[in-house]
There are 2 protein chains.
Amino acid sequence: MGDTSGLGEPTLEEQIAAYQREFQDLDPQVEKIVNALSRLNRRMNVAYGRQTAELGITNADWEVLKALVLSGAPYRMGPGDLAKRLGLTPAAMTHRIDRMVTEGLVDRERDETNRVRVIVELTSAGREKWLEAMRLATVFEEDLLQDLAPDERVMLGEVLTRLLRRVEHAQPDAGGRLSDLD
Amino acid sequence: MGDTSGLGEPTLEEQIAAYQREFQDLDPQVEKIVNALSRLNRRMNVAYGRQTAELGITNADWEVLKALVLSGAPYRMGPGDLAKRLGLTPAAMTHRIDRMVTEGLVDRERDETNRVRVIVELTSAGREKWLEAMRLATVFEEDLLQDLAPDERVMLGEVLTRLLRRVEHAQPDAGGRLSDLD
DNA sequence: AAGCTAAAGTTCGATGCTAAAGACTACATA
DNA sequence: TATGTAGTCTTTAGCATCGAACTTTAGCTT
């Protein structure tokens, strides 16, 4: 008992209560924050996934496009750098690029100055896809934060970056195999 | 150039600047919050992954143990319910349970009252693993929030649950195939 | 009671990932 | 110039996942 919707997921409050029932020495305030962060992130990823699907690409594609665009003009990176940036193995990057080349989102060519290197370059179609995805994403994000007053937004941003600084300092960029960048 | 550490990841500030450079009509405040949320979550998952690895289990195992424990004594669920709870297909659940049975974390038996059903039950070893994982997790979580004053914690919890309520109301539990529960 | 329908779980084929091995290129050194 | 060495990408083998087909069981319907 206690499950609100069928079995999909208990409410956050129910879940915290269950944690307290099964584990002593638990700070409900901490658990509330941490679990809300996780859930929020999952919901955001679901939303992004819907939007990219709507555009005919995958979240995986979107990540690559994002990395290329954010690298700045002329929107070129090597597969190895892309892999590091996205937290993938180079092997996975090879296949991902294979697919994206056939989809026309990026071009792959050999670096003529160093023929062991490969250059992945954003196509104009790829850049356009990224822009469309960004338009959808920003609408969703603005809607998500709609209920927050301006000063709450400032405060939230400040607190989150403080947490981030703490955890990034603690684990100074260990090759985190847990994708889902930014 | 702007990249702080090799290529692993730009700082949050650098990234926001890149977004603004490549995309007009962007609210940096919103983007800061959203990107901080994503990064924070990824770092947390990396940390949890290290801890579970330390205990000789995977994050996948941990999710299943969590669902079983939080379901309350006698810590039994069907594979289908577990799959819904974790956002997996029943097929994936079958294999995951196979592995966890051989690891001694759960037992699998047929339901005698309805022989098409299967019951997955937490073993005492499984419960003990979950408790150990929780001990590690709570230490990490408390450390993460260490710099937050009590009133900041209250505020953060309140704001996050407000965001969560908004997004959960918007997508009322669509079978989000994006794992990483709670 | 026989057969239909729905539900639960497993099996099958394909995809994407990792880790490790392999192939190729550039650069340094002798 | 020959060769070792490091770096970059690709290939291979193994594993987890998904979507869909399949098997088994329970409960209805007639």
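Sequence lines set the chain letters: A, B, ... in the order given, protein chains first and strands last, and positions in each chain run from 1.
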Whole-Å distance separating the CZ atom of A:Arg96 from the C1' atom of C:dC17: 9 Å
Whole-Å distance separating the CG atom of B:Asp81 from the P atom of C:dA7: 14 Å
Distance in angstrom units between B:Ile97 CD1 and C:dT11 P, rounded: 12 Å
Check: A:Arg39/A:Gln15 side-chain N/O donor and acceptor closer than 3.5 Å: yes
d(CG, A:Leu88; P, C:dA19) in whole Å: 11 Å
Atom-pair distance (CG on B:Asn114; P on D:dT23), nearest Å: 20 Å
Salt bridge (charged side-chain N to carboxylate O under 4.0 Å, His left out) contacts touching residues 25-35 of chain A (sequence neighbours left out): none
Pairwise 5' ranking along DNA chain D for A:His95 and A:Arg117, keeping only the more 5' one: A:Arg117
Any donor-acceptor N or O pair under 3.5 Å, side chains A:Asp107, A:Thr123: no
Whole angstrom value for the distance that separates C1' of C:dC24 from CG of A:Asp111: 14 Å
Touch class at under 4.0 angstrom, heavy-atom based, for B:Ala91 against every strand present: base
Pair A:Ser38, A:Asn41: side-chain N/O donor-acceptor within cut-off below 3.5 Å: no
Atom-to-atom span, CE of B:Met93 to P of C:dA7 - whole angstrom: 21 Å
Contact under 4.0 Å: A:Arg99 side-chain N or O vs C:dG16 OP1/OP2: yes
5' precedence on DNA chain C between A:Ala60 and A:Arg115 (nearest-nucleotide basis): A:Ala60
Sugar-phosphate, base or nothing in reach of A:Arg110, heavy atoms under 4.0 Å: nothing
Mutual orientation of the aromatic rings belonging to B:Tyr48 and B:Phe140 [parallel < 30°, tilted 30-60°, perpendicular > 60°]: perpendicular
Closest to the B:Thr94 side chain, choosing from D:dG7, C:dT11, D:dT12: C:dT11
A:Arg108 side chain near D:dT10 phosphate (N/O to OP1/OP2, under 4.0 Å): yes
Sugar-phosphate, base or nothing in reach of A:Pro90, heavy atoms under 4.0 Å: base
Atom pair distance, as rounded to whole Å: CG in B:Asp61 and C1' in D:dT17: 15 Å
